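This report concerns only the one structure given below.
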Amino acid sequence: MNTSKVRVRFAPSPTGPLHMGGVRTALFNYLFAKKNDGDFILRIEDTDQTRFVPGAEEYIIESLKWCGLGPAEGPGIGGEFGPYRQSERKALYKGYADQLVKSGWAYIAFDTPGEIDALRKEAEAKKETFSYAIGTREALNNSLNLPEKEVLKKIEAGENYVIRFKMPEDVDVTEEDLIRGQVTFNTTKSLDDKVLFKSDGMPTYHLANVVDDHLMKITHVIRGEEWLPSMPLHVLLYKALGWEGTMPRFAHLPLILKPVGKGKLSKRDGDKMGFPVFPLEWKDPKTGDVSQGYREAGYFPEAFINMLALLGWNPGTEQEFFSLDGLSKIFSLDRVVKSGSRFDPEKAKWFNKHYFQQKAETELARLFKPVLNGKGISASDDKITRVVAELKERCEFVTDLWGQSHFFFTAPGSYDEKTVKKRWKEDTPEKLLAIADIFETVGDWKADQIKETFSAFMNEKGWGFGVVMNPLRLCLVGGNIGPDLFVICELLGREETISRIKTAISTLK
RNA sequence: GGCCCGUUCGUCUAGGGGUUAGGACGCCAGAUUUUCAUUCUGGUAGCAGGGGUUCGAAUCCCCUACGGGCUACCA
């Protein structure tokens, strides 16, 4: 067993934006590395040139950065095991594929995609499935059946070929998965002769992955459950390459499922239900479609990470709030759950609310300021901080702030109809005018002073508080939202308060 | 279809032979807040089904059902 320093990698392929499931895989890798004083590295698996999407790699790197999951090695960062982009390692893989052919673990196959496709269709018509494997490979166009001379001739003639793994017959491959325990696969029952090296000169995932993990001294492969079925192939590959002694250990993470309905979480679910599935906003370079991001939706990275960490993992205690550092100290793979987890957007919001409430008012004000500026409003930091302080506990997102506070910065342009109907009575203007007058007499324009003067007057008149306060609120904010009425008065200032009362009266009269 | 993995409140989960099956989100109710929201307190709700093993099963075994993944010269 490998006892060297723990090294794990996150190995996405740049075929689009990083999905939150991918972020979670990165997170668990990161946490495992930190917990074990190991290295977390990023490797870009871009062996499929046809699926390359411009900007995807940058997106991945920026997403990890936003989440605080900085790799120790990777593209643009460097490290002694580079390059970290598989396309830049291209020259490396062919030798290993050839070695496999030489040792009899692999063979050369000349069948064209068209031919194989036809075979597949043919089998399908008979309600069977074609697989290139023992039982069919004997009759196909490959180096197992062709004389060596013929094979050489074809290659020299420039004929396209792939290199396939020669899956051994009827072997039970048993390997321990760190999350699931022992898993056994029978080679004949469940595995075919996978392509290791493509006709375009690139390795497939299987070869590149094993070669790179070996060369990069990866000790633990932590990846999504969709890879579990290919674990035996990889185990066999390590064996075939003579790397059994340093083979990494495997851990297959459960998938993140749709909030409702069947299947794994997809981009569509987010669009349909209005929650982000990507960490950052993504604009598809081809279609121009924009997908929502957690960052843009107003989530704090620490909330996003905290939520993700608890989706499929738990500390075994009742603690729910964790910083990345906190997680790094206690994370362990044996507390990863085996079954897929449905994602709950409500819980994500709840996490964000928690972190929002934890933030200092000045910090929140700093974040809110650009929002205000974007609306053409400039206000002193002091005022913004005061406003934020009053509204903080009724919000979950920085993006909620405006909806709760616009009236502090701009006078209401209209009045909520429902509220008008419910609260604005015939004698309301007269009463509010009296209040405006009494406001002129408030000594020190502070919330409690205003309240005191107001209450004294109300008691003297014998008016019901609700009858006056609700319409007053309507005048000042345009609806029935906002914090304590007297606080609103104070922050608005005496002049503005009275002016808004008068404007409302003349508008609603 | 084949192969593999899984299944505890609606959701995330604890619990791994003896528990009143615990917590969280959501939801509902009450209290506070002269609005709304917040906050607090309480409540609702679960071991997929059937067989074993055992004095005793949510827990171990088998079967069934259901869910999920894989089954590309994609990762």
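Numbered from 1 within each chain, the chains take letters A, B, ... in sequence-line order. Every value quoted in this text rests on a predicted model; they were computed, and no experiment measured them.
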If you apply the rule salt bridge (charged side-chain N to carboxylate O under 4.0 Å, His left out), what do you find for Arg85(A) with Glu45(A), and how did you get there?
CA-CA 6 Å; Arg85(A) 224 175 258 123; Glu45(A) 309 226 325; over 6 Å; no
In sequence, state the C-alpha distance, the side-chain angles, and the governing distance for Trp463(A) and Phe457(A), and then conclude on ring-ring contact (aromatic ring centres under 6.0 Å, His included).
CA-CA 9 Å; Trp463(A) 293 345; Phe457(A) 179 74; 5.7 Å; yes
Working for ring-ring contact (aromatic ring centres under 6.0 Å, His included), residues Phe486(A) and Phe454(A)
CA-CA 9 Å; Phe486(A) 303 105; Phe454(A) 176 85; 5.2 Å; yes
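Closest approach of Ile435(A) to Leu472(A), counting heavy atoms only: CG2-CD2, 4.4 Å.
The phosphate of G67(B) (OP1 or OP2) has a side-chain N or O of Lys262(A) nearer than 4.0 angstrom. For U39(B), one of the phosphate oxygens OP1 or OP2 lies less than 4.0 angstrom from a side-chain nitrogen or oxygen of Lys353(A). At least one side-chain nitrogen or oxygen of Asn314(A) sits closer than 4.0 Å to the OP1 or OP2 atom of A14(B).
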Protein-nucleotides 72-75 of chain B N/O pairs closer than 3.5 Å?
{"residue": "C73(B)", "atom": "OP2", "partner": "Arg164(A)", "partner atom": "NH2", "Å": "3.4"}
{"residue": "C73(B)", "atom": "O2", "partner": "Ser199(A)", "partner atom": "N", "Å": "2.8"}
{"residue": "C73(B)", "atom": "O2", "partner": "Ser199(A)", "partner atom": "OG", "Å": "2.7"}
{"residue": "C73(B)", "atom": "N3", "partner": "Ser199(A)", "partner atom": "OG", "Å": "3.0"}
{"residue": "C73(B)", "atom": "N4", "partner": "Asp111(A)", "partner atom": "O", "Å": "3.3"}
{"residue": "C74(B)", "atom": "OP2", "partner": "Lys198(A)", "partner atom": "NZ", "Å": "3.1"}
{"residue": "C74(B)", "atom": "O2'", "partner": "Asp48(A)", "partner atom": "OD2", "Å": "3.0"}
{"residue": "C74(B)", "atom": "O2'", "partner": "Arg51(A)", "partner atom": "NE", "Å": "3.2"}
{"residue": "C74(B)", "atom": "O2'", "partner": "Arg51(A)", "partner atom": "NH2", "Å": "3.2"}
{"residue": "C74(B)", "atom": "O2", "partner": "Arg51(A)", "partner atom": "NH1", "Å": "3.4"}
{"residue": "C74(B)", "atom": "O2", "partner": "Arg51(A)", "partner atom": "NH2", "Å": "3.3"}
{"residue": "A75(B)", "atom": "OP1", "partner": "Thr47(A)", "partner atom": "OG1", "Å": "2.8"}
{"residue": "A75(B)", "atom": "OP1", "partner": "Lys198(A)", "partner atom": "NZ", "Å": "2.9"}
{"residue": "A75(B)", "atom": "OP2", "partner": "Tyr205(A)", "partner atom": "N", "Å": "3.2"}
{"residue": "A75(B)", "atom": "O3'", "partner": "Glu45(A)", "partner atom": "OE1", "Å": "3.3"}
{"residue": "A75(B)", "atom": "O2'", "partner": "Ser13(A)", "partner atom": "OG", "Å": "2.9"}

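Comparing the P positions of A48(B) and A57(B) gives a spacing of 15 Å, expressed to the nearest Å. Using C1' as the reference atom, A45(B) and C25(B) are 13 Å apart when rounded to the nearest Å. Nucleotides U32(B) and G26(B) are separated by 23 Å at their P atoms, to the nearest Å. As rounded to the nearest Å, U39(B) and A21(B) have C1' atoms that lie 30 Å from one another. Comparing C4(B) with G49(B), their C1' atoms sit 23 Å apart, to the nearest whole Å. A gap of 24 Å separates the C1' atoms of G43(B) and C36(B), to the nearest Å. Separating the C1' atom of C63(B) from that of U53(B) is a span of 15 Å, rounded to the nearest Å. If you take atom P in G46(B) and the same atom in G23(B), they sit 15 Å apart, rounded to whole Å.
Rounded to whole Å, atom P of U35(B) lies 16 Å from atom CG of Leu474(A). Between the P atom of C36(B) and the CD1 atom of Ile481(A) lies a distance of 14 Å, rounded to the nearest Å. Here the C1' atom of nucleotide A24(B) and the CG atom of Leu311(A) are 13 Å apart, to the nearest Å. Rounded to whole Å, the distance from CZ on Arg423(A) to C1' on C36(B) is 10 Å. The CD-P distance, from Glu175(A) to C3(B), rounds to 22 Å in whole Å. Look at CG on Asn306(A): it is 13 Å from C1' on C25(B), rounded to the nearest Å. Phe486(A) has its CZ atom 12 Å from the C1' atom of U35(B), to the nearest Å. Between Leu310(A) atom CG and G23(B) atom P there is a gap of 17 Å when expressed in whole angstrom units.
The nucleotide U34(B) finds no pairing partner, because no Watson-Crick or G-U wobble arrangement with both distances shorter than 3.5 Å includes it. Under the Watson-Crick and G-U wobble criteria, each requiring two contacts below 3.5 Å, nucleotide U53(B) is left unpaired. Under the Watson-Crick and G-U wobble criteria, each requiring two contacts below 3.5 Å, nucleotide C66(B) is paired to G6(B). Pair assignment for C28(B) gives G42(B), based on Watson-Crick or G-U wobble hydrogen-bonding distances that are each under 3.5 Å.
At a cut-off of 3.5 angstrom, the base of U35(B) holds at least one donor-acceptor pair with the side chain of Arg473(A).
Residue-level contact check: Gly312(A) touches the backbone only, with heavy atoms under 4.0 Å from sugar-phosphate atoms and none from bases. If you check every strand for non-hydrogen atoms under 4.0 Å, Lys338(A) touches sugar and phosphate atoms only. Within the 4.0 angstrom heavy-atom criterion, no nucleotide atom of any strand lies near Gly464(A). Looking at heavy-atom distances under 4.0 Å, Lys264(A) makes contact with sugar-phosphate atoms alone, never a base. Within the 4.0 angstrom heavy-atom criterion, base atoms lie near Pro483(A). As judged by a 4.0 angstrom heavy-atom cut-off over every strand, Arg335(A) is placed among residues touching the sugar-phosphate backbone only.
Nearest to the side chain of Glu318(A), among A24(B), A37(B), G23(B), sits G23(B). Between A37(B), U13(B), C25(B), one nucleotide has an atom nearer to the side chain of Ser341(A) than all others, and that is U13(B). For Leu228(A), the listed nucleotide lying nearest its side chain is C4(B); candidates were A37(B), C4(B), C25(B). Checking C4(B), C36(B), G26(B) against every side-chain atom of Trp350(A), the shortest atom distance belongs to G26(B). Nearest to the side chain of Arg180(A), among U35(B), C3(B), C5(B), sits C5(B).
Residues Phe275(A) and Phe343(A) bring their aromatic ring centres within 6.0 Å. Remark: aromatic rings of Phe28(A) and Trp313(A) are distant, center separation not under 6.0 Å.
Mapping Gly316(A) and Phe465(A) onto RNA chain B by nearest heavy atom places Gly316(A) at the nucleotide closer to the 5' end.
Here the side chain of Asn145(A) pairs a donor or acceptor atom with the backbone of Leu140(A) at under 3.5 angstrom.
Atom OG of residue Ser87(A) and atom CE of residue Met202(A) lie 5.5 Å apart, to the nearest 0.5 angstrom.
In this structure, Arg335(A) places its CZ atom where more than 12 heavy-atom neighbours from other residues, nucleotides or ligands lie under 6.0 Å away.
Between Tyr299(A) and the choices Phe304(A), Trp350(A), Phe397(A), the ring pair (Phe, Tyr, Trp, His ring centres under 6.0 Å) rule is met once, by Phe397(A).
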